Structure formats: C-alpha cells, structure tokens
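No experiment lies behind these values; they were computed from the predicted model shown. In the text below, chain A, chain B and the rest are named by the order of the sequence lines, each starting its count at 1. Heavy-atom basis, side chains included; hydrogens, waters and symmetry copies ignored.
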Amino acid sequence: MVLVFIIVSIAIILLEAPGLVKKKMWRELAAFLAYLSLGMALVIPQALGVKLPNPTKAIEALFRPLAELLK
Amino acid sequence: MRWLIRTLSKRLFRGRKNQSRDARAANQTGDGNLFRAPRKNQVLSPDLETNLKAIKAIFDKCSDVIYREFVFAQNEQIRLALIYIDGLADKGQVSEQIMRALALEVPMVVPGQEITKARALEFIKQRGLCMHQVKETDKLQDVIHAILSGDTVLLVDGHTCAIINGARGWEARSITDPVAEPTVRGPRESFVETLRTNTALIRRRIKSPGLKIETLRLGEVTNTDVAIAYVEGIVNDKLVEEVKSRLERIKVDAVLETGYIEELIEDNPWSPFPTVNHTEKPDRVAAMLLEGRVAILVDGTPFVLTVPTLFVEYLQASEDYYERFLFASAVRLIRFVSMILSLTLPSLYIAAISFHHELFPTPLLLSIAAQREAVPFPVFIEVLIMELSFEILREAGVRLPRPIGQAVSIVGALVIGEASVRAGLIAAATVIVVALTGIASFTFFYSFSIAFRLLRFTLMVLSAALGLLGLISGLAVITIHLCSLRSFGVPYLSPMIPTTGVDLKDVVLRSPWWGMFTRPRLIARQDQKRQEQGLKPTPPKNPRP
Amino acid sequence: MLKKIAFFLLLALLTGILSGCWSRKEISEIAIVLGTGVDLTEDGRIRLTVQIARPTAFVGGGEAGAVGTEAPASWVVSAEGRTVEEAERYLAMKVPRELYWGHNVILVIGEEMAKKGTRMVTNFFQRERQPRENAWLMVTKGEAKDFLETYSDLAKTSAQAAGFLTRMKTCYAVQLREFAEMLASKGVQPTATRVEAKKAGITPGPGQEKVFTAHKQVELTGAAVFKEDKLIGWLDAYQTRGLLWLKGEAMKGAVIVPSPAEPDKNVSIRILRGSTKVVPEYDGENLRFNVIIKVEGNMVDQQSREDLARPEKIKALKEAVAEAIRQRTAVALEKAQGEYGVDIFGFGEAFHRKYKKAWRELKDRWDEEFTRAEVNVTVDVRIREIGLLTRRASTEEK
Amino acid sequence: MLEKGKIDSNQAVMLMVSLVLPTAILFVPAIIVKHARQDAWLAAIVALLGGLLIARLVVSLSLRFPEKTLFEYAQTILGKVPGKLVGLLYIWWFLYTGALIMDEFASFLCTAIMPETPPVVLFLVGIAVAAYAVRNGLEVLSRYNQLLLPILLGLLVITFLLVTKDMKAERLLPVFDQSAPAILKGAAVPLSWLGEIVLFAMIIPFLQKPREAHRVAALATLFTGLFFAICTVVTLSVFGPNLAAHWVFPVYNTVRVVSIANFLERLDIIIVAVWVFGGFAKMGVFYYAAVLGSAQWLGLKDYRPLVAPVGLLLIGLALLCDNIVDLLDFAARAWPPYALIVFEVGMPLFLMIVALVRGKGESNA
C-alpha cells in the first residue's frame, strides 16, 4: 500500500510540477508541494499501520452535550 | 451563450494569429512544385522558346506532359505552343476547340484582316478560342499550376501572357449510390472524387446565392483543392473564420483524403470520439449547411467534412428526416439503445457473471450456470476471445473482395458461433451477448462506432477487475470526457448538455417537420428561424370539395 | 517526457489494482443455494442444511435435455455449528465451491429450532448482503433437513417448488422481511408458513412405476404461530384460512356452502377478491374489534339439483358464504385468543392507528388485552358470476 | 477569476441537488425513522422548511458580494486575518466532509456489492474519477451532473413505482404518533444535510445569472427535501417504522424488495448506479469547493495544480475512519450540531450580521 501511494505521489509530481516550473508559477508550486506533503503525511503512516487520531472523535467530544440530545 | 463564443474564440485565436498569417502568405504565393519551383513571381518572357525551356525544365522527366507547337492562322510568324497533361486535358476539346480553331478556322472567320504578331493575342482571345473558360496570366507558377490542374496552357510567341483554357477532362467515376450510408428512402446520389462535381451536387440542392463556396489549396506536394461551403446568413461568421484559420494553419505535404484534414483541425486530438463529422451524401451536407454548419470538401475523395459536429449527429441518419416522424423517432430510439448496448453490454455481462450473480433472475442464473459449467475460461477471457474474433471477422469481411468476404463471414460465424458452443469452449450466452453487441454497433455511424468499440474493451477490462464499480467508473469518466469535449466551440453533447430546450426536438425523438421552427441554437446563431409556424396540416373543413 | 513516465507509472498502478480482482467469483465457482434449512440438533447446536443447484441439470433445450437421462437437480448437504455462520464455514469444507446465497428461495426452519427462537437464524439472513429479504420463510413440522431432501416432479428442485407454492399464495405465505417486521412490532405476533414433506402423486407410464415410486414432496399445510420469536403452535389449513381472512391477505380459494334447498349437497364459491377492515373500539375498559370483510366470488360448482340461477337463491347462498367465512374466522380467533393467547392478526396495529395514546399504555401487555377483546365479524358477500351453466343438467326441475 | 466557466441556473439547481441527495437517500431515512418513526415524513418536511431558511440566509449573504466566493468575502467582511481564519475552517469542513462522503461511498460499496475489496481501492477509484471531473472545471462537473442526475432520479422514481405493490399506507399511520421533540430530533439530521447548501456560496459567482441564486437555492432545497420525504415515505410504507429504522441503508433494501412477475426483480444495480454516479458528483462538488477554496485562500492563479494533492489528502482523511459504526454514529449524532452550528447556520449568520453592521457589500441583495 505504501508503494501504491508513493507511486501515486511521484506520478502526481511528474504530471503537475513540470508545467508549473515552466510557467514560473512558484506560488502555485509551493502550495502544490505543501498539500502533497500534507497528504503524504496523512497517508504514508496509515499505510504503514500507524493509527492516527481520528478527527471525528474530536468533533464528537466537542459537541457531546448536543450530540447526547440526538441519541 | 455569448460569453461562450467569446471565451472560446479568445481561447482559439490566442497565439494563432501570427501563424495563420504566415500560412496565408505562403498560400497566396502558391509555392507549387517543391523540386524545381520557379522563383516567386517569376514572369513569362516574351520569347516562346525561353518559356518552353523553363517549363520543360520544370517538367523534367514528366512523360505525360505534352508540348504541342503550331502556328496561328497559318501564319508562320506567329508561333503558338500548347502544353497540357495527357489524361487530364480533354483531348477532343484541345484538338477541336483550340488547335483546329486557331490553326485553321480563324483565317476563315476573319478573312480580310491582317493578323500580326502584335495583335495575335487579341485575336486569339476574342475570335480564336472556342472555349467556355479562359484565363490569362503572366506568371510562370500560375502556368505550372494550371497545367498540373489539367488545364491547357497556350503560349503565344512575343507575348508575356499565357492563356489558360479550362479544357479539363479526365476519367472520373460517375455518381453512384452512397456505399457507406445506404438509405431506403431519400436521394441515392453520393459524392464522387471530383471537387467540381461535388460542389455542383450541393449547389443543385441549395439554389441560393447565399451558398458560398470558397476554395484554397492544401498540401505542399499534392496541391489539393479544398473548398469551404457555407450558407451566408445562416452560418455564424466567426465559425467560418475559425474554419479558415484552422485550415490555413495546415502545412502538410499531402492531403489525399478528408481524414488528413480532420485530424489536423480537431478540437481534441486525443479523444476517441470524432469531433468532425463526414458524409458522402449531398443531401445530408445540404441539411447540415442549412443548420448553419460549414462543409469542407476535398478534391479526390467523396467524403465531405462538416463542422461543428455534435454527439447526436451520429445517431441521426439522413433518412430520419424523410421517413414519417413517428417511425423515425422510434428508429432513433432504437439507435440510442443500441449505442448504449454496444458500449456496455459485454462489460455488464462480465460484471454480472463474475461479480454480481444476484442481478439475474433465478431461472436465468441457473441456465447460464449450466451453460458455463463446461467452459474452461473465465468469462472475461471468453468474452475477450469472442469480441476479438468478431472484430477480426468484421475486418476480414471488409478487406476481402466481396465474394470471398461473404464466405469468410459464413465460415467465421459457423466456426465461432456454432462449433465453439458445441465444443463447450464458449457459453451460448456469451455468443448471444457478443453478437448482439456487434450488431448493435452497426446501427449508427461507422466512424462513431469505432470509438465505442475501443471504449468497450476498456470497460470490459475495468468491469473484469472491479465489477459494476469498474463499469460505472469507466462510464463516469467517459461521460465527463464527453462533457468536456467541444467541436469548433460548440459543446459536443449539446443540445442535451447544456440543455437547450427547443433543440431537444431533434435528439432522441425527431419532431415532425411542422414542428421544426428553429435551427439549432448553438450552431446557427444568426438566423434562428427555420420556417413559419402553423404549418401543421389541417384537413379541410368540408371533406368533399 | 516526464508526463510519459508519470503516465506509465499510473498505468502500472492501474494494472496492479486491476489484477487485485477482489470479490470476484465466476459463476462456475459458486454453489448456488436454492433452499436453506435450519435445525436444532439434540445437543443444542445449529444445523444448517442447504439445497444446492447442480447446474448440469439445468441445461436447456438441445440434446442435453433428453428425456430419461435427467440428472438430479440438487444436492443437499448440511453442517453444524454454534451459529449459522459457523455452520456455513463447516459447510464450506464440504462444498467444493463458494456458497452463494443470492438466490436462496426459501428459508425453512425446523420445528425444534423454531421453538428455541428464530432470531438465532434470521439475523444472519438479514444482515448478510447475499440472502435476500424476500426469501420465503417457512416452518416445517419435523426437521428442515428432511424437508429439503425431497425433490419435485414439476419444478426442478423442491426449494423452487416450495417457492412457487408460496408465491402463488395458495396458503399463508410470508417473506423474511415481513416476518422481521412482525417480529419488530408489538402490535402483531409473527406467523409463518407451515410446510411438510408428504407423499404426493405418482408418475404413470409403462415401467415408470418402478422408477418413480411415490416420494415425498413439499406441501403447504397451514401456518405456524409464534410468540415473539418462539414457535408456540400451529394452525391447520382450515384455520389458516381464517387467519388469512382476518389479516386481510391473499383473498383466494373457495368457500363450500350447503345448497339452500338441499343442505346435504354442496355448492362451491370461488373467491375472487376481498378486503378486510378492522375497526377497533375502546372506551378505556372494554376492547372490541369490528371486522368487516368484503368478499366477491363466482359460483363454480354445484352438487344439488336445484336451479340456483335465481335472485333469492343467490341471496341465500350469499348468507351461507358469509356464515362459512365467519366460522373460519371464529376457529382461527378461538385458537389465537384461547389456545395460544397471541395477536397474530395485527389487531394491535389497527388499535395503535386509532388510539395512539391508549396504545402507549397497552402495548406492553397487548396479548393479554387481545385475548379479552371481543371480535365481531361482519361479512359482506357478493356473488357475481355463475359460470357457463345456469343450472345443473338434470331431468327434473325442482 | 480562478474559474473561467459559467453555469446556468438549471445546472446550478441540479448541482445543488447532487450536493445533498446521493449519500443522503441512503443513510438519512433510517436516522429520521429512528427518531420520528411513522412521522418521519413530517420530520423531513420540517427539515425542508429549515433548509429553505438556511438557503435564504446563505444566498442573501452571498448576493451582497455577487462576484465573490465565501473565501473572498469573508475577508472583506471581517478583515484579512479573521477572514482567513474563517476560510481555513471552511477548507477543513469541505475537506473533511469530502472524506466522510468517501467513507460512506466505500462502506456502502463494501456492504452491498464487493465486501472483499479494500476501501483504499474504492477511495482511489472514486477520487480518480472525481479528480478528473474537478480538473476539467466547474462547467464540466455540472454538465456531467446535468446529464446523469435526471436519469438517476428517474430510475429511482421508477423503482419506487415498482415497489408500490409492497407498500401499505397503514404503515404510515397513525400520524403525529410521536412527540414534537422526537419529530424535531428526526428533523435535525436531514436539516444538517440540507444545510450543505452553504457550499452554494462557492458557486454563486459562477452563475450566469447570479440574481437567480435565490430561486436556485430554494428550488434545490425544495426538491431535495421533497425527495427525502418521498424516500422516507416509501421506505416506511414498505418496511414499517420498526424495521425501517433497523436497516443501515433502507432505500437499498426497499429496492431489493421489488419483485414483479417473477422477472422484474433484483434491481439492486439501480441503486448502486445511482449511488456511484451520484457519489462521484457529490464528491466532486465538495472536492471542487475544497480545491477552489484553497486556491483562493492561498491567492493562487490557478486551482488545477491543487487537484491531485487534495485528492491524496482526501484519501488520507478518509482512511482515518475506522468503521461504519463510528461513521453512522457520527452522522446521526455529532454531525448535526457540528455542521449546523458552526458551518451551516452559525458562520453565515455571523458573517451576515457583521456585514450588516459594517455595511459591507451591496445592501439591495
């Protein structure tokens, strides 16, 4: 699974980045890379089997009093 | 919708202006022969010998070029030369109307007058030639072009002017039934390989000065005549400009068929769907022109391109408009269904057999299970084999000479259909599915069904891997792709998507003619109104006159 | 160039994904389960019996379907386990193909299992994606295994035969989902089809009596009555008709009444359609149900000699039919209210619809209330047609 | 402007219907029925009315800035930094909702048609298709939707008609059996789904006629709400209130019930098609909003480079979800307050008030 995501990421970079470099859209390139690394940071650990905290739980905790109403 | 055209034309014209200007310039100079091209704007010399020498040099080793020198009105001083290509020029006309007239008849017609070398040209033009179409030029390359086009060039000694006689006449196929688009009802004429005949066929259907036919030459070696036809007042002028600019951009050595042009002017060259339609039926072209489309005719092929092209065009046969509308609509509905079948049936079958057995009713599942019991292949392989052999059969049937072709299809059908089922190699249900798919793909236009055949295999792979999900994903991608396609600025799926209500009258159903008030909105922008309202026939109140 | 590399990478990935082929089962790799039976073994385990189609028997037409060489159409196999799933896993060790439940026509529950509770069984068939919620649910007297081990002479398999029998609604029929709905409701106690395997019919023909002796075939014999999910009793075919009338379902079948003038001879009325309306009345104390049954039927058979094609005779017949139907409902009611003490007719639902406040108090002791309730049945009969004859062909007029 | 295409009002209506409907028809009926039982349809109508109010609020707010999306006018109203903060919240909301939609997508497919397939594969397939649509722009996305939505809904309606044989009106009775709080509880979930119309604030600037936005939003909400109600009524009248609440995907089960003439049955494929085709559209819209929003938030010239990385991010977020019980529980309980209070009512209302106080935007809207 890790391999799958690495391949996907490389493919994404190869598809998008050259065009951005050519058009000198540096800002876009930075945003692109930032998002990509964010995505990788989420995906790769999970692919390796690391359990990441689930935001659903946080949201549930935040809205517990109201959520109880809907039980 | 105006923004659409605006953005489009912006997008289309951007960065192409300079290029097209170059192309136009190159075209005007008409750099004809690549090998011994005369200098640009090289003019003829007054000396006949020099001219002949120059031309002979250009047509070196061209044994079909005939040089015929003779004297005008039996006057030894006025020497003439005729140059034409054997086989392209009409020999009867050349000898009767030109040579005989100039050499023998002129003295009889104008007995008293003295024909001098200086006045020879005037005499020839005004009294000598019995030709319907005569042009004059003093440029060497025009002369070359004229000769290559089949005209006969007359050089007059002492004049820097050549007379081009339109005495073309070659062996041409006569107008026959359309082979690729046969019809039951409707005109039987189809285009031929001669451009002039083809334009005449269109002109005969649209007897209006609004029908404009502009010509240009494409192909640096072939110098093929290409004509653009449209109906002024109906067509969108921007579209004509766009077509011209795309054509002028083309710089290829040869244009032997419209297919060359098609691939060079398409909007999306990578798409499997054709965005330029072609037809060999003049009535269809006329109908297209009257809807505001532009036709591109190429000399040497009976196929005419029409743009812009919509998805639905491929499901509309010209016959739909000649048959009664209820029947036509029903037939068109069948075509829609077969289109969907030809795309999805095998993959649906694969998905159902190898993933979703719950889709079959119980008795059907049991019967299919029984058929497949002895089959040694997984269903995907089985369908693939059958589809491939079907394609092979089809190709063989097309390529082989007709008598053998039939034998091939009979043998193929027997071997593949009957024997393989009996041998237990293929399930009977698979044969049914493949045969139905194959036949369904023949119900609509050939060039369009090619796209579907290609995509069918992709969908088969997808559904073999992911079942229904694969099939649906594949269909979704195809749909998105279709939604993103445009043909000369018009969305490919229009008028379905984006929906233009009034134009839906001619998509799945064909409205009766008294209901077709308007032309397609996105194509004909200028003159929307097609006909008067209230044409629906009403029986007279008094039944007996 | 980079784009091309990316393209090939994605292509490789796609091939990788595509070669996964999850959830893929060729039709020739599955064992199509047509009928399922669940029994309780003596040591309290669940025995799952499946009737699997043998595809080779289903070849249609052509040389394969020649008479006399017909192969057995099904294979019945069973396994035990603590849960249905465990039993299924043990089955998988015996069946060389993947068990496939998507075309399971019937779910038969053995008597002992039904007494223990159906929830242990039905949950699997609702939760799993393959078994369908419109499979027919039936309870058999005796063991479900024996029931499934029969074969049918007309249908290919006995499971299909049972399925067709129930589908035609000749008797009380219930689908898994309807049963589940009844289970989940407090206003009605579940009932299911009662089935048995009985010897039926022979196959005549020279030499055939040796080949085809009369064997057991499936038969619908009434209804099974549940309290919650436990079987507590049976209704026979006659009582089941009363159940059907009161539930307002499947208004088919015939009513046999004595001929007006010759009470020892019978007249048959075939019921075409009908409807049942239950109107509860409650004053906080007494509970009463007015059941209005409307019936429409044709006369199809007459044993007596009298001329029935007369308005007054028809009127008399109508009353007789009404009485006959009342009798049936009375029998069913007596069973339900007296012997079993459960509301199998859904009167509770009707009550709920009318008295929603009172229902909140009564719903938890509904069955008691029901047994005490008074039920009035009114039958409104209409006889439309009398067939091709006006009267019986006989010499004397009466 | 980042998006060059424009869509017409019909396309916008359909897009907004797709924004809510595809996932909602699968999950929501069971949740409504759980609370409101026979009166579920009433709850759906209540939710519809609430949804109309939300739509009104959002469109009124957006029309004060007809040329700007939510991300841009938040900054105009609140100033740069607080505006950016609001934008960040909404990016999170779009992204995480998109991820949840993918989870729903995968869990349905896993349950209904392909249990052995790992969810990652389904995520990859779903994201690939949605990304293709998003990269092609709003215009293509809405055209795709315009082509398929009518077909899918038509199929759904036809199957509903086919199931009439198994429907019983009595199952809907008695009316008003449940207390008002129960009905309101039942309305909360569909309301929070209908409230996703907030996303329309991202689309309004790209309408050909922004002035029709009110009509578009109202029509879309009306249609979606009514369709909710229809689905609930159909489910209820087939299964009754007891059983309907127990199914995870009641509409799916409803379609499975169809059996006509022993042949026209097993129409599961229809609901799968509706769900997958519609799921692509729904995912596409959220995906698009997330990508466009991010691009505007970061001040980029083009949003397309972000499509692929955001897709990866969506997969990452979707992988966080552990099981369907968590998902169902979240959808039924935490989602309504989370979505309604913060994103669907709270924030727009806050922005509206501030805008009114500060007098920003065109007041005539």
Side-chain angles (χ1 to χ4, degrees), chain B residues 1-8 10-11 268 271 311-312 336 340 344 348 351-352 354-365 462-463 465-486 491-501 504 507-508, chain D residues 4-8 10-11 14 105-106 108-110 112-114 116-117 121-122 124-137 139-148 150-151 208 256 259 261-270 272-281 284:
Chain B
M1 289 328 290
R2 193 164 297 145
W3 61 269
L4 199 147
I5 270 285
R6 215 185 305 134
T7 47
L8 256 174
K10 249 185 239 158
R11 197 180 303 167
N268 189 341
S271 173
F311 183 85
V312 288
F336 258 84
I340 293 164
T344 58
L348 202 58
S354 51
F355 287 90
H356 312 292
H357 319 291
E358 62 270 15
L359 296 183
F360 295 109
T362 312
L364 184 59
L365 177 80
L462 280 174
S463 61
L466 289 171
L468 210 52
L469 175 69
L471 173 60
I472 293 178
S473 310
L475 283 178
V477 169
I478 292 173
T479 316
I480 296 170
H481 173 70
L482 279 172
C483 286
S484 71
L485 275 183
R486 282 169 185 281
Y492 196 46
L493 282 183
S494 71
M496 292 181 286
I497 308 295
T499 315
T500 28
L504 290 178
V507 179
V508 181
Chain D
K4 290 187 187 66
K6 290 255 176 186
I7 61 176
D8 65 31
N10 286 337
Q11 288 174 331
M14 292 192 189
F105 177 83
F108 172 72
L109 287 178
C110 275
I113 57 171
M114 33 202 344
E116 284 97 357
T117 314
V121 174
L122 303 179
L124 279 172
V125 171
I127 278 295
V129 177
Y132 182 51
V134 171
R135 234 194 112 85
N136 270 305
E139 219 172 66
V140 170
L141 181 64
S142 39
R143 278 190 203 157
Y144 161 81
N145 185 55
Q146 191 186 18
L147 181 65
L148 287 171
I151 301 175
Q208 273 170 29
R256 277 164 67 107
S259 172
N262 214 350
F263 197 84
L264 197 58
E265 54 181 7
R266 301 166 182 278
L267 301 175
D268 320 19
I269 184 176
I270 289 179
V272 173
V274 171
W275 172 235
V276 178
F277 276 125
F280 288 146

Novice: Restricting to non-hydrogen atoms, name the atom on D:Arg143 and the atom on B:Pro498 that form the minimum distance, rounded to 0.1 Å.
Specialist: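 Minimum heavy-atom contact is NE-CD, 3.7 Å.
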
Novice: Using non-hydrogen atoms and a 4.5 Å limit, figure out which bit of D:Gln146 sits close to chain B: side chain, backbone, both or neither.
Specialist: both

Novice: Let me confirm one number: the CG-CE distance from D:Leu147 to B:Met496, rounded to the nearest 0.5 Å.
Specialist: 7.0 Å

Novice: Heavy-atom distances under 4.5 Å only: say whether B:Leu493 touches chain D with side chain, backbone, both or neither.
Specialist: side chain

Novice: For a quick test of reading the model, state the closest non-hydrogen atom pair linking B:Glu358 to D:Arg266 and the distance between them.
Specialist: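 Scanning both residues, the minimum pair turns out to be O-CD, 3.0 Å.
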
Novice: Measure the CG-CD1 distance between B:Leu359 and D:Ile113 for me, rounded to the nearest 0.5 Å.
Specialist: 9.0 Å

Novice: Please flag which part of D:Val125 lies under 4.5 Å from any non-hydrogen atom of chain B: side chain, backbone, both or neither.
Specialist: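 Looking at D:Val125, just its side chain touches chain B.
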
Novice: Of all the heavy-atom pairs spanning B:Ala476 and D:Phe277, show the shortest one and how long it is.
Specialist: N-CE2, 3.8 Å

Novice: OG1 of B:Thr479 to CG of D:Asn145: how many Å apart, nearest 0.5 Å?
Specialist: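 Output value for this atom pair is 11.5 Å.
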
Novice: Given heavy-atom pairs under 4.5 angstrom as the criterion, report whether the side chain, backbone, both or neither of B:Leu468 touches chain D.
Specialist: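 Only the side chain of B:Leu468 comes within 4.5 Å of chain D.
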
Novice: Side-chain contact, heavy-atom cut-off 4.5 Å: D:Phe105 with B:Leu469?
Specialist: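 Yes - at least one pair of side-chain heavy atoms lies under 4.5 Å apart.
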
Novice: To the closest 0.5 Å, what do you measure between CG (D:Leu148) and SG (B:Cys483)?
Specialist: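 So the gap between those two atoms works out to 7.5 Å.
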
Novice: Name the region of B:Leu348, side chain, backbone, both or neither, that has any atom closer than 4.5 Å to a heavy atom of chain D.
Specialist: side chain

Novice: For D:Phe280, is it the side chain, the backbone, both or neither that has a heavy atom under 4.5 Å from a heavy atom of chain B?
Specialist: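 Contact with chain B is through the side chain of D:Phe280 alone.
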
Novice: Between D:Leu264 and chain B, with a heavy-atom cut-off of 4.5 Å, which part of the residue counts as in contact: side chain, backbone, both or neither?
Specialist: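 Neither part; nothing is under 4.5 Å.
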
Novice: Are B:Leu466 and D:Val121 side-chain neighbours, meaning at least one heavy-atom pair lies under 4.5 Å?
Specialist: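 The answer is yes, as the side chains (C-beta and beyond) meet within the 4.5 Å cut-off.
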
Novice: Could I get the full list of salt bridge (Lys or Arg N to Asp or Glu O under 4.0 Å) partners for D:Arg256, not counting sequence neighbours?
Specialist: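 For D:Arg256, the residues satisfying salt bridge (Lys or Arg N to Asp or Glu O under 4.0 Å) (neighbours in sequence not counted) are C:Glu133, D:Asp268.
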
Novice: Tell me, side chain or backbone of D:Leu109 under 4.5 Å from chain B's heavy atoms, or both, or neither?
Specialist: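 It is the side chain, since no backbone atom gets that close.
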
Novice: Mind checking what makes side-chain contact (heavy atoms from CB on, under 4.5 Å) contact with D:Asn136, not counting sequence neighbours?
Specialist: B:Ile480, B:Ser484, D:Tyr132, D:Val140

